[in-house]
Number of protein chains: 2
Amino acid sequence: MALTTKDIALLAGVSQSTVSRSLNNSPLISQKTRERILKIAREQEFEFNANARGLSTNRADTIGIIYPDDYLEFGVNLYFGSLHTHLRQTLEKRDIDLIVAFSKNRWTGADNVKRLVVRRKVDGLILVRSLVDPETLEFLRRTGIPFVFLHFHQDSPNTEGIDQVYADHVKGGFLGTDHLIRLGHQKIVCISVDEAEEFAQRRRGYRTALEKHGIPYDETLMLYGDRSFQSGYRIVKQHCDLISKATALFAHTDVMALGALDALREMNLRVPEDIALVGYDDIELTTFFHPHLTTVHQPREEIAVLACERLLELAGSKRIKRGKEIKIQPSLVVRESCGARA
Amino acid sequence: MALTTKDIALLAGVSQSTVSRSLNNSPLISQKTRERILKIAREQEFEFNANARGLSTNRADTIGIIYPDDYLEFGVNLYFGSLHTHLRQTLEKRDIDLIVAFSKNRWTGADNVKRLVVRRKVDGLILVRSLVDPETLEFLRRTGIPFVFLHFHQDSPNTEGIDQVYADHVKGGFLGTDHLIRLGHQKIVCISVDEAEEFAQRRRGYRTALEKHGIPYDETLMLYGDRSFQSGYRIVKQHCDLISKATALFAHTDVMALGALDALREMNLRVPEDIALVGYDDIELTTFFHPHLTTVHQPREEIAVLACERLLELAGSKRIKRGKEIKIQPSLVVRESCGARA
DNA sequence: ATGATAGATGCAACCGCATGCATGGAGATG
DNA sequence: CATCTCCATGCATGCGGTTGCATCTATCAT
């Protein structure tokens with residue numbers, strides 16, 4: 001059915017190896033022959049059989065991306081969806097395919113990781129916000145497959161020597177808080193998330209900003225949601241007393257901020273006049289709402305591109321020293337909800 | 001590095017073919033041997049080398065999905081994102097991997113289609129809302145690779161014999177319009193999209209509903225956006241005279257409906273009191289806004305599951321007759337924006 | 001007891017490509 | 001003109017599976 005190098009060889013009157021070498025730009029082949037064969041291959045719309053190629057080279061020209069299960073939830077994927085888009089575009093440019101998988105076990109991703117790697121379906125892995133258990137980590141190291149952790153910084157003894165591309169969430173938490181304080185706010189309620197490390201880092205940034213301005217940290221102002229729009233809404237409703245006494249609200253995801261906005265509106269609290277609001281992520285959705293959300297921008301395109309580049313660099317040569325950590329700086333996008341414009 | 005069947009054979013003291021047969025449940029192997037080998041393979045965490053396997057079986061245990069380029073746009077992917085999620089889940093259950101690609105050429109997808117197929121990286125393709133040019137279609141037919149068109153019905157001479165899973169957009173257009181008419185509306189402005197077939201079908205449904213109730217079709221009430229939130233907003237603003245004289249608005253995507261909602265709010269038109277609003281798609285986002293959007297629900301999970309099942313059915317046996325068309329019925333979800341509750 | 005039979009297993013070829021090594025021919029050198 | 005290089009190409013093997021066919025060993029009927 002599909003053409004093989006042998007077929008091309010027959011058409012060109014050369015051997016199969018010559019075809020293979022020509023198409024792979026081997027320096028052994030003379031310019032003339034190469035061009036002739038390239039021409040024929042193009043005419044015949046020849047494509048290598050990826051399986052055969054992979055079998056002999058032990059490559060797949062494909063990388064895998066492992067998302068945590070909750071990527072599937074609406075709201076969460078408002079953030080990751082755009083990250084994914086950028087990853088995909090970057091890879092497409094390089095003629096590399098992308099296999100998408102989810103870790104059934106939210107924290108390990110062990111299942112799909114092993115499967116994809118051992119079956120040689122991928123040359124490398126991008127692990128998105130996956131806390132990998134020591135066993136899987138050991139497995140990855142043993143196989144020597146390149147992998148890059150994406151999205152937040154993991155800093156434990158056994159993540160030593162691991163490549164990471166991550167946004168500086170401490171900085172982001174600081175930026176949002178510092179901005180509010182500079183606008184005169186002293187009592188800033190936080191809506192954070194309890195379960196994932198990146199939020200702990202954002203909280204750390206929040207505290208750092210308070211300290212800088214000599215504002216004591218008040219634990220009662222720290223509330224916890226689950227990332228969802230609904231939880232943002234619910235928390236504001238549940239703590240309406242607390243919140244009506246506060247002058248600012250810093251939600252650690254935009255989606256929760258939008259939920260909070262909804263609740264504030266129902267409570268007849270005007271944003272930003274009665275209470276200022278700052279979100280985190282800068283998802284595209286923010287400008288669909290009023291007032292437009294001031295938020296901490298995560299440079300998703302940059303994160304995606306750098307992660308791909310690093311992964312391909314690792315995949316390209318075994319000599320490269322592992323363990324590069326690329327930290328991306330978030331920035332504050334001032335829109336309407338913080339009141340800075342007024 | 002990774003174990004091969006030969007290694008397992010050595011461990012079990014049998015030949016490599018016996019291992020292969022055991023692991024593939026060949027009836028040739030005795031129960032006892034099979035179990036012994038399965039046990040060893042499990043213990044060793046053996047996995048087949050996908051390339052070698054693919055090379056001899058000509059399978060990939062992977063399917064490809066081709067999205068149109070505009071999937072990448074925010075707003076569009078609010079709809080497709082959820083479709084994708086369901087597809088992914090369905091495939092995961094069957095241990096089939098998914099390669100994601102986009103068609104650079106919005107209407108054909110020729111590039112990635114050919115590449116993935118000829119390289120044998122996929123066993124089948126799901127083509128999402130891709131109008132395929134005759135050449136690519138001919139290519140697909142020639143290779144015999146299974147493929148399923150997803151999302152909207154294509155009914156031209158050369159789509160004869162093609163498998164399709166699609167929602168009945170005519171019905172959806174009818175449902176939204178009919179509902180508004182029953183609520184007493186006579187002058188219903190539509191915000192549709194010009195470029196894609198599915199929207200023409202929705203418009204057809206709109207007209208059918210008008211006819212049913214003996215309302216003459218008024219072309220000036222038909223406006224065109226580009227799917228985006230911004231276009232929904234813009235169109236309402238541009239046609240504020242027209243719209244303030246109308247009593248209802250039927251936007252052919254939820255995202256445009258939400259943009260329109262934003263504009264209506266700015267024009268101080270209350271929804272649904274001053275003007276009723278109905279959307280289309282039933283994306284998760286609709287309940288983030290007020291009033292909650294009445295909309296035409298597209299059963300994306302059902303669409304995704306049926307498409308996968310059909311594709312796997314086709315991939316499973318070459319005997320199956322091609323050309324099954326599975327039509328999914330949309331339904332109306334009545335919320336607040338149409339005023340039916342009041 | 002013996003040949004027939006069927007079930008279980010092994011052997012070997014093949015899938016399409018990459019690549020080390022052998023080979024052949026053209027040009028350089030003496 | 002013979003010999004030596006070196007460059008271009010071909011040959012043959014291996015990657016790790018699948019599978020047709022041969023082989024072997026019980027089991028059974030005669």
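So that the names make sense, note that chain A is the first sequence line, chain B the second, and so on, each numbered from 1.
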| query | Just by distance, do the side chain of B:Asp123 and the backbone of B:Ile63 share a donor-acceptor pair under 3.5 Å? | reply | no
| request: Report the distance from atom CG of B:Leu10 to atom P of D:dG16, rounded to the nearest whole Å. | output: 14 Å
| message | From C-beta outward on B:Gln16, which listed nucleotide comes closest to its side chain: C:dA12, C:dA18, D:dC11? | response | C:dA12
| query | Taking the side chain from B:Arg310 and the backbone from B:Phe147, do they hold a donor-acceptor pair closer than 3.5 Å? | reply | no
| Does a side-chain N or O from A:Ser56 land closer than 4.0 Å to OP1 or OP2 of C:dC17, or not? | no
| Residue B:Arg53, side-chain heavy atoms: nucleotide from D:dC15, D:dT18, C:dC11 that is nearest | D:dT18
| request: With a 4.0 Å heavy-atom cut-off, tell me which residues in residues 18-39 of chain A come close to DNA chain C, sorted by residue number. | output: A:Ser20, A:Arg21, A:Asn24
| query | Just by distance, do the side chain of B:Arg322 and the backbone of B:Asp163 share a donor-acceptor pair under 3.5 Å? | reply | no
| A:Asn49 has an atom CG; how far is it from atom P of D:dG17, in whole Å? | 16 Å
| If you look at every strand shown and take non-hydrogen atoms under 4.0 Å, does B:Thr5 touch a base, only sugar-phosphate, or nothing? | sugar-phosphate
| request: Kindly calculate the angle separating the two end axes of the helix from C:dA1-D:dT30 to C:dG30-D:dC1, each obtained from five base pairs, and round it to 10 degrees. | output: 50°
| task | To the nearest Å, give me how far apart CG (B:Asp7) and P (D:dG16) are. | result | 8 Å
| Are a donor atom and an acceptor atom from the side chains of B:Ser20 and B:Ser17 found within less than 3.5 Å of each other? | no
| message | Less than 3.5 Å apart, any donor N or O on the side chain of A:Asn24 or A:Arg53 sitting next to an acceptor on the other? | response | yes
| message | Assess the residue pair B:Glu43 and B:Lys39 against the criterion (salt bridge (charged side-chain N to carboxylate O under 4.0 Å, His left out)); give the C-alpha distance rounded to whole Å, side-chain angles, the decisive distance to 0.1 Å, and a yes or no. | response | CA-CA 6 Å; B:Glu43 282 168 8; B:Lys39 181 160 168 290; 3.1 Å; yes
| request: Check whether the side chain of A:Thr4 and the base of C:dC17 form a donor-acceptor pair under 3.5 Å. | output: no
| query | Take atom CD in A:Glu160; do more than 12 heavy atoms of anything else shown fall under 6.0 Å from it? | reply | no
| task | May I have the step-by-step check of salt bridge (charged side-chain N to carboxylate O under 4.0 Å, His left out) for B:Asp61 and A:Lys121, ending in yes or no? | result | CA-CA 10 Å; B:Asp61 294 325; A:Lys121 292 195 89 156; 5.7 Å; no
| Within this structure, what is the CG-to-P distance between A:Leu55 and C:dC14, rounded to whole angstrom? | 17 Å
| remark: B:Lys6 atom NZ is separated from D:dG17 atom P, nearest whole Å, by 10 Å
| message | Counting C-beta onward and ignoring hydrogens, is there a side-chain heavy-atom pair between A:Ser30 and A:Arg34 closer than 4.5 Å? | response | no
| Between the main-chain N or O of A:His86 and the side-chain N or O of A:Thr90, is there a donor-acceptor pair closer than 3.5 Å? | yes
| said: Does B:Thr57 contact C:dC15 through a side-chain donor or acceptor facing the base, at a distance under 3.5 Å? | reply: no
| remark: Separation of C:dG16 atom P from B:Arg119 atom CZ, nearest Å, is 17 Å
| request: Starting from P on C:dG16, measure out to CD on A:Glu47 and report it in whole angstrom. | output: 16 Å
| Which nucleotide in the set C:dC17, D:dT18, C:dG16 lies at the smallest distance from any side-chain heavy atom of A:Phe46? | C:dC17
| message | Rounded to whole Å, please give me the gap between CZ in B:Phe48 and P in D:dC15. | response | 18 Å
